[in-house]
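Working notes, structure below.
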Amino acid sequence: MASNLFTPGKIGTLELPNRLIRSATQDPFGRRDGTCAPEQVALYGDIAASGVGAIITAYSYISPEARSTGIQVGFATQEQRASQKEVLDAVHAKGGRLILQIMHAGMNVFMPEKRVEGGKLLAPSGGMKAPNEMTTTEITAADMDKICADFVNAAQAAKELGFDGVQLHCAHGYLLSQFLDPNTNARTDEFGGSAENRFRFPGRCLSAIREAVGKDFPVLVKVNTNCAGEADAAYAEDILSFCRQFEALGADAIELSGYNWLGLGKKKVPTFYLDRASAIRKEVSIPLILVGGVRTLEQANQILDAGIDFVSASRPFICQPDFFKVLERGEDSDCIGCTKCLGNIWTKEGRRCVKHEIPEGFPKD
């Protein structure tokens with residue numbers, strides 16, 4: 001089947017040989033100190049060797065207090081950055097391109113211990129319960145100054161180390177997403193209420209990054225196209241405004257996702273968020289990347305035919321690191337969308353996917 005998926009594309013100054021991107025995906029190979037294990041270096045090399053257009057790293061925290069999980073990799077210390085440079089070198093050695101995703105967890109913390117570095121669980125609004133049952137503290141102006149500076153520092157370091165770009169994580173319930181989402185932003189000052197106000201801090205971070213790294217270094221954004229509950233009706237209009245502003249502030253591309261990606265994946269819904277993405281396509285001229293529910297070449301073509309520039313995927317690459325070659329052969333992914341790869345299957349069974357063989361010595365109780 002002929003497909004534009006196999007034609008070159010461009011994000012800012014970054015040239016991609018095709019239009020498939022491995023979306024940011026956490027793996028079980030992060031260490032407690034935030035560095036990457038050798039298995040992660042090898043994994044990224046394998047994905048790059050398949051010929052995929054670009055790889056976006058697992059979400060990387062920008063400061064110790066920005067961490068979300070215990071096995072999350074960081075980009076806050078020199079040791080963590082040197083570790084991620086090993087991953088970068090492995091990708092480049094296979095002819096690939098690697099974009100660093102940078103994030104702050106805000107209240108989206110899953111570590112079982114009820115504490116975070118610095119003592120305060122920062123979020124747009126105080127008095128909310130985090131997944132680890134801590135109570136949030138409202139971010140102050142001084143907090144915002146530090147967080148913005150941490151994002152800038154990480155982006156500058158990524159450029160200096162030779163990453164092919166950075167992606168500012170404004171999706172999936174992490175800090176910048178919490179500002180954009182009316183369900184998690186109850187502020188009554190200039191950072192809450194209207195869509196314009198809720199965008200203010202994420203926009204400030206993007207603008208500062210762009211100024212720091214210059215106009216030629218690729219800067220991407222990832223954002224939710226929807227939000228939970230009744231607020232979603234208004235959010236359908238808000239996201240159009242957010243994306244217009246991302247473009248105006250210098251984003252080179254926007255990856256589009258949503259808050260309920262896990263549930264839709266379990267239901268095996270194909271190409272979720274395509275309707276919202278099509279509406280956004282009419283509002284911006286920069287490249288759009290759509291993630292979610294792509295298992296076949298036909299589904300990828302449906303996205304591209306709607307005017308979306310790139311297709312990204314996560315779980316198919318967990319199931320088959322050579323997912324690009326699978327599509328190139330005209331085959332469908334083996335991924336069944338069970339989402340067990342997001343649980344503790346690695347710890348119990350020594351495999352990342354139910355389609356993989358269980359190694360000798362597993363399963364463990």
Side-chain angles (χ1 to χ4, degrees), residues 20-50 52 54-62 66-76 79-94 96-103 105 108-111 158 163 167 169 171-172 174 222 255 257 261-262 265 291-292 312-324 326 333-359 362-364:
L20 182 65
I21 295 173
R22 200 296 296 261
S23 193
T25 307
Q26 186 176 15
D27 56 60
F29 307 130
R31 296 179 172 132
R32 287 292 300 185
D33 64 359
T35 60
C36 308
E39 293 92 338
Q40 192 172 61
V41 178
L43 172 65
Y44 276 71
D46 289 344
I47 297 171
S50 76
V52 65
I55 302 169
I56 302 174
T57 69
Y59 63 161
S60 301
Y61 57 88
I62 55 171
R67 190 173 197 163
S68 178
T69 74
I71 61 168
Q72 185 184 4
V73 293
F75 201 71
E79 292 78 13
Q80 291 166 357
R81 292 174 182 181
S83 175
Q84 295 232 33
K85 179 66 162 59
E86 295 180 27
V87 176
L88 174 65
D89 290 344
V91 169
H92 283 173
K94 300 294 186 179
R97 289 141 295 278
L98 189 64
I99 296 164
L100 178 74
Q101 187 185 82
I102 50 178
M103 60 77 76
N108 212 5
V109 174
F110 295 91
M111 291 180 289
F163 279 87
Q167 184 181 65
H169 199 354
H172 296 173
Y174 299 106
K222 187 170 188 174
E255 185 178 18
S257 186
W261 58 271
L262 181 58
V291 65
S312 59
S314 172
R315 281 169 289 181
F317 282 99
I318 295 176
C319 182
Q320 296 163 290
D322 66 343
F323 178 52
F324 175 72
V326 170
S333 171
D334 288 341
C335 176
I336 59 174
C338 68
T339 70
K340 290 185 178 179
C341 55
L342 304 178
N344 59 1
I345 187 173
W346 171 261
T347 304
K348 287 189 172 182
E349 299 182 5
R351 56 178 180 169
R352 295 187 68 206
C353 175
V354 297
K355 292 289 187 175
H356 298 173
E357 294 293 327
I358 299 177
F362 287 88
K364 293 181 177 180

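In what follows, residues are counted from 1 in the order of the sequence shown.
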Practice problem: Please assess Ser50 against Phe323 for the test side-chain contact (heavy atoms from CB on, under 4.5 Å), listing each intermediate value before the final yes or no. | Solution: CA-CA 7 Å; Ser50 76; Phe323 178 52; over 6 Å; no
Quiz item: Hey, mind stepping through Val91 and Ile55 against side-chain contact (heavy atoms from CB on, under 4.5 Å) and telling me if it holds?
Solution: CA-CA 9 Å; Val91 169; Ile55 302 169; 4.2 Å; yes
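One N or O on the side chain of Ser60 and one on the backbone of Ala58 form a donor-acceptor pair closer than 3.5 Å. In this structure a side-chain-to-backbone donor-acceptor pair under 3.5 Å is present from Ser83 to Cys36. The backbone N or O of Val73 sits nowhere less than 3.5 Å from a side-chain atom of Gln40 that would complete a donor-acceptor pair. Under the 3.5 Å distance criterion, the side-chain polar atoms of Arg351 are left unmatched by any main-chain donor or acceptor of Glu357.
The salt bridge (Lys or Arg N to Asp or Glu O under 4.0 Å) search around Asp322 returns none, not counting sequence neighbours. Listed by chain and residue number, nothing satisfies the salt bridge (Lys or Arg N to Asp or Glu O under 4.0 Å) test with Arg352 (two or more places apart in sequence, or in another chain). Considering only residues two or more places apart in sequence or on other chains, Arg67 meets the side-chain hydrogen bond (donor to acceptor under 3.5 Å, both in side chains) condition with Tyr61. For Lys340, there are no side-chain hydrogen bond (donor to acceptor under 3.5 Å, both in side chains) partners, not counting sequence neighbours. Under the side-chain hydrogen bond (donor to acceptor under 3.5 Å, both in side chains) criterion, Thr57 pairs with no residue at all, not counting sequence neighbours.
One side chain, Ser23 or Lys222, offers a donor N or O that lies under 3.5 Å from an acceptor on the other. For Gln26 and Gln72, the side-chain atoms include no donor-acceptor pair closer than 3.5 Å.
Contact record, Pro359 with Gly350: CG-O, 3.3 Å, taken as the closest heavy-atom pair. When all heavy atoms are compared, the tightest approach of Arg81 to Phe75 is NE-O, 3.0 Å. Of all the heavy atoms in Val354 and Cys338, the pair that sits closest is CG2-SG, 4.0 Å. Residue Gln101 comes nearest to Ala24 through the heavy atom pair NE2-CB, 3.3 Å, listed as atom of the first residue, atom of the second, then distance. Residue Phe362 comes nearest to Thr347 through the heavy atom pair CE2-O, 3.6 Å, listed as atom of the first residue, atom of the second, then distance.
Taking 4.5 Å as the limit, every side-chain heavy atom of Asn108 sits out of range of all side-chain heavy atoms of His172. Contact check for Val52 versus Ile47: side-chain heavy atoms found under the 4.5 Å cut-off. You'll find the side chain of Ile56 reaches within 4.5 Å of the side chain of Glu255, heavy atoms only.
Annotation: the span from His92 atom NE2 to Arg97 atom CZ amounts to 8.0 Å, rounded to 0.5 Å. Going from atom CZ of Phe163 over to atom CG of Leu100 covers 5.0 Å, rounded to the nearest 0.5 Å. Ile71 contributes atom CD1, which lies 7.5 Å from atom CG of Asp27 (distance to the nearest 0.5 angstrom).
Ring pair His169/Tyr174 is tilted by interplanar angle, where 30° to 60° counts as tilted.
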In residues 314-321, what donor-acceptor pairs under 3.5 Å come from side-chain atoms, sequence neighbours left out?
{"unit_1": "Ser314", "atom_1": "OG", "unit_2": "Thr25", "atom_2": "OG1", "d": "2.8"}
{"unit_1": "Gln320", "atom_1": "OE1", "unit_2": "Asp334", "atom_2": "N", "d": "2.9"}
{"unit_1": "Gln320", "atom_1": "NE2", "unit_2": "Asp334", "atom_2": "OD2", "d": "3.2"}

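Screening Lys94, Glu39, Gln84, Arg22 for a side-chain hydrogen bond (donor to acceptor under 3.5 Å, both in side chains) with Tyr44, the sole residue that qualifies is Arg22.
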